[in-house]
Amino acid sequence: MASTFSSSSSTLSPAFSINNNKLLASCPSQISFFRSSKNFVPPKIKLFVSTRTRIHASIGTTTRITSNAEVEQTSRSTKPRILVSEKLGEAGLKLLRSFGEVDCSYDLSPDQLCTKISQCDALIVRSGTKVSRAVFEASKGRLKVVGRAGVGIDNVDLQAATEFGCLVVNAPTANTIAAAEHGIALLASMARNVAQADASIKSGKWLRNKYVGVSLVGKTLAVMGFGKVGSEVARRAKGLGMNVIAHDPYAPADRARAAGVELVSFDKAISTAHFISLHMPLTPTTSKIFNDATFSKMKPGVRIINVARGGVIDEDALVRALDKGVVAQAALDVFAKEPPPSDSKLVQHENVTVTPHLGASTKEAQEGVAVEIAEAVVGALKGELSATAVNAPMVPAEVLSELAPYVLLAEKLGRLGVQLVAGGRGIKNVKVVYRSARDPDDLDTRLLRAMITKGIIEPISSSFVNLVNADFTAKQRGLRISEERVVVDSSQVQPIDSIQVQISNVDSRFASGLSEDGNITIEGRVKYGIPHLTQVGSFSVDVSLEGNVILCRQVDQPGMIGKVGNILAERNVNVSFMSVGRTVKRNEAIMAIGVDEKPDKDALKQIGEVPAIQEFVFLEL
Ligand SMILES: NC(=O)c1ccc[n+]([C@@H]2O[C@H](COP(=O)([O-])OP(=O)(O)OC[C@H]3O[C@@H](n4cnc5c(N)ncnc54)[C@H](O)[C@@H]3O)[C@@H](O)[C@H]2O)c1
Ligand SMILES: O=C(O)[C@H](O)COP(=O)(O)O
């Protein structure tokens, strides 16, 4: 059964639904995780026209503002727009078309890509499109997800994506076998000079003595990077009778042992192998890791295969090593620059076999990759968290479903807390205390922390915050969010008993919001699936966090509820919840009133003038 939680107060408030164990942030609440900018206009939602903003881009709708009031709709569709910039398998395209408007525009120049991207909610690329910072800047916050139809994400500026709150997903599994098979194809064809012999016979020669090869059986193959592709290459090479060793600083030794492969140091791998096959990602550590120094440590006559990334090899150094005969042959599917210059000495070298980045290019792999990435992108556009997210935590569906009401509570506590701050000193330190009967290891709080961060930052800035950029945005603003988990002795059925947000070293607009230690302190719980505010400062209250909240500190005396209630009733403001908390009888009390509508200024003034009310604050959720 699907259950929905929504808040009604503002067009930018989230509404989540749980369906099939997935936490969905449905329209208009896509904005909760992946709202692309403060100017996002969810479909079917009233359009707020800002004088500063020239273009409001909502999902699938291009809305050009020709004057402050005059709005021209260029498309009636509310479907998301998905730009596919490189060839993608038909099955994936079909899935994308069933969800959004798909624009397949191949071979775009960087400028053309930047122009198109401002109209797109998602971009799907392979390795040929550079998704640079300029692309995210040009998107002006509309781009919510970049899907990489393949494994390597070195062509996507992940830092920029994260800063812009754009999720990056990839398709990490569907081309593994294709890449491994291509590695083996290059290994075998290089050893037997297949490409060179083919070219020579086609040019009219018959050179049986020149193209004598080397055998594979009994030779040592070093697999550099024992991940998905590397381990499949190792398995196949063992089938060819090779002795396989591997180097991978992060691979578990028992997994390698189970495959009959010994994990060794980098130097041992490169100095003992007859063949070296590269399967590591391109990272700052692996960039040009094969260079003059490392080639000189290799067994003379070594043969190298690269189906990983061109950038892991210093290509000039490889040419030198080939010329000296230190490296007898190389078979390369990938290059530092793709396509490589036509006069590249490496490509033209007679002992080098090349293919144009074909590792993933089998019909089967391309269909698989296309479906894998289409599912991930559609899921992300629906507001689901992806299992293949590259720049956001992957939160399992069952955890998401359980945490859904706490996610709402977390954001609302953040919003309430920040509205209690008087300003002036800046918010630097926020502590979140989770009370739970579960073991701290059983409680994944990343999502909650992100939503508290969103609640705190969004009301006071033009930043938009989602799960992707929450930690980054907090750090950038100098906001330190620390977390404490307290194990309490209660039922473990609920994941969390209470969430407390403490903001330290600030003044408060509502003195009673400060606890004894001087921190603004608010605490909430989930009751029957609904978030409740249960503590303000040192006072216990109980008000459902469904609309807005008025907090009053007053002399604890009869008739207060009636007086405030009458003022609100006269303005047709509906009270949804009311609770009074006090420390000492007939002394001081805190009245927390939940209201569906925002009372007008006059009503708020009248509340402030009730003689027994010492202070009050109106908080928008
Ligand atoms: N040519 C193609 O078309 C093609 C196709 C698929 C994958 N690839 C590339 O192949 C590479 C491997 O892909 P995968 O799917 O196996 O990735 P993977 O993440 O499963 O495996 C990569 C492995 O490299 C290891 N590694 C990281 N740093 C290392 C280092 N300094 N030294 C040694 N090992 C290190 C990691 O621990 C990991 O086990 C990637 O670069 C990917 O982009 C190319
Ligand atoms: O990283 C990958 O998945 C491969 O290099 C494949 O890249 P491609 O999708 O551009 O063929």
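Just so you know, residue 1 is the first one in the sequence shown, and it goes up from there.
Considering all non-hydrogen atoms of both residues, Arg309 and Gly152 come closest at NH2-CA, 3.4 Å. The two residues Asp333 and Gly359 make their nearest non-hydrogen contact at OD2-N, 2.9 Å. Of all heavy-atom pairs between Gly311 and Leu282, the closest is C-CD1, 3.6 Å. Between Leu479 and Ile456 the shortest heavy-atom distance is CD2-CG2, 4.2 Å. Minimum heavy-atom separation, Phe226 to Ala256: CE2-CA, 3.6 Å.
Leu123 CG to Arg148 CZ: the interatomic distance, rounded to the nearest 0.5 Å, is 11.5 Å. Distance check, rounded to the nearest 0.5 Å: OG of Ser344 to CG of Leu346 gives 5.0 Å. Distance check, rounded to the nearest 0.5 Å: CG of Asp103 to SG of Cys120 gives 6.0 Å. Between the CD atom of Glu86 and the OG1 atom of Thr129 there is a distance of 3.5 Å, given to the nearest 0.5 Å. Here Ile289 contributes atom CD1 and His247 contributes atom NE2; the two are 6.5 Å apart, rounded to the nearest 0.5 Å. Atom CD1 of Ile481 and atom NZ of Lys475 lie 13.5 Å apart (nearest 0.5 Å).
Using a 4.0 Å cut-off between charged side-chain N and carboxylate O, Lys363 and Glu367 make no salt bridge. Comment: Arg438 engages Glu402 in a salt bridge, judged by a side-chain N to carboxylate O separation of less than 4.0 angstrom. Look at Glu163 and Arg133 and you find a salt bridge, because one of the NZ, NE, NH1 or NH2 atoms lies within 4.0 Å of a carboxylate O, short of that distance.
More than 12 heavy atoms of other residues, nucleotides or ligands sit less than 6.0 Å from atom CG of Asp439. Atom CZ of Arg192 has 12 or fewer neighbouring heavy atoms from other residues, nucleotides or ligands inside a 6.0 Å radius.
Just one of Arg446, Lys431, Arg449 meets the salt bridge (Lys or Arg N to Asp or Glu O under 4.0 Å) condition when paired with Glu483; it is Arg449. Each of Val334, Val307, Ile313 was checked for a side-chain contact (heavy atoms from CB on, under 4.5 Å) with Leu278, and the lone residue meeting it is Ile313.
Residues Thr283 and Thr286 bring a donor and an acceptor atom of their side chains to less than 3.5 Å of each other.
Partners of His279 by ring pair (Phe, Tyr, Trp, His ring centres under 6.0 Å), not counting sequence neighbours: none found.
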